[in-house]
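All remarks here apply to the structure that follows.
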Amino acid sequence: MLPSPFQRLSCGAFFCRDDLLSCSHEEAAPPRLNRFSPQAKEYCQMKREKIKDILGRQVAGGGLTAAGWVRSARLSPNVAFIDLTDGSTAGGLQIVLSPETKNFELMERVHTGCSVLVEGELVDSPGKGQKYELQATSLALLGEADPEQYPIQKKKHTMEFLRTKAHLRVRTNTFAAVFRLRSHLSQGIHHFFRNRGFFYVHAPLITTSDCEGAGQMFQVKAPGEQEFFGKPAWLTVSGQLEAELLALGLGEVYTFGPTFRAENSNTPRHLSEFWMVEPEMAFYELSDNMDLAEEFIKSLLSYMLNNDLEDLEFMQRWYRKGLLEQLEKIIERPFERLSYTEATKQLSASGKNFEFPTEWGNDIQTEHERYLSEEKVGGPVIIHDYPAKIKPFYMRLGDDGQTVGAMDVLLPGIGEIIGGSQREERYDVLLARIRKQGLDEAAYQWFLDTRRFGTVPHSGFGLGLERMLLFLSGMANIRDVIPFPRTPGNAEF
RNA sequence: UCCCCAGUAGCUCAGUCGGUAGAGCAGGUGGCUGUUAACCACCGUGUCCCUGGUUCGAGUCCGGGCUGGGGAGCCA
């Protein structure tokens, strides 16, 4: 464990060891208090309380200790204010200091970005904008932030600028809210599947199956000439194939983890490293798959409204008007379902002057998706049963011999959020499709084995975590809903 | 990868006809008993993205490049 200048006492308060701050690692000596907090001993009277809990109190009154980062500070001779946040909640705690506050003079060094520890009494706030405020009895400055150098100012910054400060942007209201939403969304995913008896399985991230169906892959190499795994290996683009193996034994499973695409995609909706949820279910046909996908999205939105309404309200206020209403509408209404064939007919009949052709056999383009989900339906749309020739080998061939049991869920403003299919469970048909698409059947022997031995109908889909988060946060760029985005030419932090 | 747009102070931007740059915010100093985008006064701030060219003279015009953004493709 690294020596830290900050030590946490059993009471929960912090103090600073200046022997560690000055890097003279004296042993055994009783820890001396840091110059910023000569009175820190007294903070051991009380445990530090999270601002979320403080603001959630039924009534004011009583002493407490709060610690966090200064969002803004205002100082006059006889009164000073700190807007304090500790990440626990969207709101800040209003700290009021007076010359009677111990170490009031430290306020001259308290600026946006500083970390402080404050002891005081919680009172009803006479000011506007907050219910409670903390009347500080003492102040400790844990970490200064030179206002001439600290890049985050108490004003609006552009997302582009904050992206270059990804190590500090979590200290803004927006990014703290987004990352709390991200955490809740992840929890909501596990919640949904656990309630339905699905098992959480872990697919490998390193794979030796070239061509998992989706685009370019990152190659994995160890130092030296030899192939570390005995053959070329790559980072996975999907856990689907392995999830299928596990579903054909466990019944209903899901993976949830990072996945990697080496595509040179430069858009607000693509990452080189992103997180994907991939349920895979035995004994599910395509309609069951679509039912599950619809329930899944609705359940996630409900979960978020029930568990992190505050951050959603923040995002609605600053980033997307009408966000909550939009989410509630989606929960209430059935998703529109359209076969690919019907969809192309509607596109052709729309009277729109599309750039790309809408004849049967062509892929659905972004402009088509937007028309269907934003104009025609005005809500989520599921397109199913696509032409076989534009879809991968593992999708189940329909009785017509022309279509496969694929389905995409489109969300307004986002486009494709889910892609899935019923899997081809018939050995002969699957083998024929592998051969037809020019793939190496030997590399898929283990995959084919599941169809040779005890095969059953099964289905699954993949949902992009960041796209879901984009949708429910109202953020515009996918690079702003993952803490440290990886995109072509960019892997800082 | 293709198309379009942008790059000027710490941040957001303006900069006219080619004549060597200036606003707001942030910051500093002083003032102010309650602010919450605080307020009032004063102060400072520049590789005008890089590179080559045209010109007496380039932030401004032209070529090449880099970075960022938007759109498209690929996809989740």
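These numbers come from the heavy atoms of this one structure, side chains and all, not from hydrogens, waters or symmetry mates. Chain A is the first sequence line, chain B the second, and so forth, proteins listed ahead of strands; every chain is numbered from 1.
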Quiz item: Does A:D83 use its side chain to pair, donor to acceptor, with the backbone of A:S72 at less than 3.5 Å?
Solution: no

Quiz item: In residues 366-389 of chain A, which residues come under 4.0 Å of RNA chain B by heavy atom?
Solution: A:T366

Exercise. Assess whether atom CD of A:E105 is packed by more than 12 heavy atoms of other residues, nucleotides or ligands within 6.0 Å.
Key: yes

Quiz item: Between A:D291 and A:R337, is the closest basic N to carboxylate O distance under 4.0 Å?
Solution: yes

Quiz item: Would you say a side-chain N or O of A:N477 is under 4.0 Å from OP1 or OP2 of B:G70?
Solution: yes

Quiz item: B:G73 phosphate, OP1 or OP2: any side-chain N/O from A:Q365 under 4.0 angstrom?
Solution: yes

Quiz item: Mind checking who B:U60 pairs with, Watson-Crick or G-U wobble, both distances under 3.5 Å?
Solution: none

Quiz item: Does B:U1 pair with anything, Watson-Crick or G-U wobble, both distances under 3.5 Å, and if so, with which nucleotide?
Solution: B:A72

Self-check item: First of A:E355 and A:R479 reached from the 5' end of RNA chain B, by closest nucleotide
Solution: A:R479

Self-check item: Nucleotide paired to B:G34 in any strand shown, Watson-Crick or G-U, under 3.5 Å
Solution: none

Exercise. For this output row, return yes or no: ring centroids of A:Y150 and A:H111 closer than 6.0 angstrom.
Key: no

Practice problem: For A:K52, look at atom NZ and say whether over 12 heavy atoms of other residues, nucleotides or ligands are found less than 6.0 Å away. | Solution: no

Practice problem: Please find out if less than 6.0 Å separates the ring center of A:F193 from that of A:Y200. | Solution: no

Quiz item: If you measure from the C1' atom in B:U16 to the same atom in B:C4, how many Å do you get, rounded?
Solution: 26 Å

Exercise. Could you tell me whether A:L75 contacts a base, only the sugar-phosphate backbone, or nothing, with contacts defined as non-hydrogen atoms closer than 4.0 Å?
Key: base

Exercise. Might you work through the salt bridge (charged side-chain N to carboxylate O under 4.0 Å, His left out) test for A:E295 and A:R196, ending with a clear yes or no?
Key: CA-CA 11 Å; A:E295 276 177 49; A:R196 280 161 183 76; 3.3 Å; yes

Quiz item: Quick one: on RNA chain B, does A:K154 or A:T158 contact a more 5' nucleotide (nearest heavy atom)?
Solution: A:T158

Practice problem: Report yes or no: is the ring centroid of A:F81 under 5.5 Å from the six-membered base ring centroid of B:G34, with the two planes under 30 degrees? | Solution: no

Practice problem: Classify the nucleic acid contact of A:P77 as base, sugar-phosphate or nothing, counting any heavy atom under 4.0 Å across all strands shown. | Solution: base

Practice problem: For RNA chain B, find the residues of residues 264-273 of chain A with a heavy-atom distance under 4.0 Å and give them by number; none if there aren't any. | Solution: A:N264, A:S265, A:N266, A:T267, A:P268, A:R269, A:H270, A:L271

Quiz item: Given the side-chain rings of A:F393 and A:Y444, with only the six-membered ring counted for Trp, is the space between their centroids under 6.0 Å?
Solution: yes

Quiz item: With a non-hydrogen cut-off below 4.0 angstrom, is A:G462 in contact with a base, only sugar-phosphate, or nothing?
Solution: sugar-phosphate

Quiz item: Taking the same atom, P, in B:G59 and in B:U67, what whole-Å distance lies between them?
Solution: 24 Å

Quiz item: Donor-acceptor pair under 3.5 Å: do we get one between A:Q153's side chain and the base of B:G27?
Solution: no

Quiz prompt | Any strand: nucleotide that pairs with B:U16 via Watson-Crick or wobble, under 3.5 Å | solution = none

Quiz prompt | Sugar-phosphate, base or nothing in reach of A:F161, heavy atoms under 4.0 Å | solution = sugar-phosphate

Exercise. Assign A:E108 to base, sugar-phosphate, or nothing according to its heavy-atom contacts below 4.0 angstrom with the strands shown.
Key: nothing

Quiz item: Which value, in whole Å, describes the distance between the C1' atoms of nucleotides B:C61 and B:C48?
Solution: 16 Å

Quiz item: How far does the C1' atom of B:C39 sit from the matching atom of B:U35, given to the nearest Å?
Solution: 10 Å

Exercise. Please determine if A:E466 and A:R479 form a salt bridge, counting it only when a charged side-chain N lies under 4.0 Å from a carboxylate O.
Key: no

Exercise. Please determine which of A:F256, A:F198, A:F296 meets the side chain to side chain contact (heavy atoms under 4.5 Å, CB included) test together with A:P279.
Key: A:F198

Quiz item: Think A:R163 has a side-chain N or O under 4.0 angstrom from the OP1 or OP2 of B:G69?
Solution: yes

Quiz item: What interatomic distance, in whole Å, is found between C1' of B:C13 and the corresponding atom of B:C3?
Solution: 27 Å

Quiz item: Run the side chain to side chain contact (heavy atoms under 4.5 Å, CB included) check on A:N173 and A:F314 step by step: do they pass?
Solution: CA-CA 9 Å; A:N173 290 329; A:F314 175 89; 3.5 Å; yes

Quiz prompt | Pairing partner (Watson-Crick or G-U wobble, both distances under 3.5 angstrom) of B:A26 | solution = none

Quiz item: Ignoring hydrogens and angles, are the base of B:G44 and the side chain of A:E148 linked by a donor-acceptor pair under 3.5 Å?
Solution: no

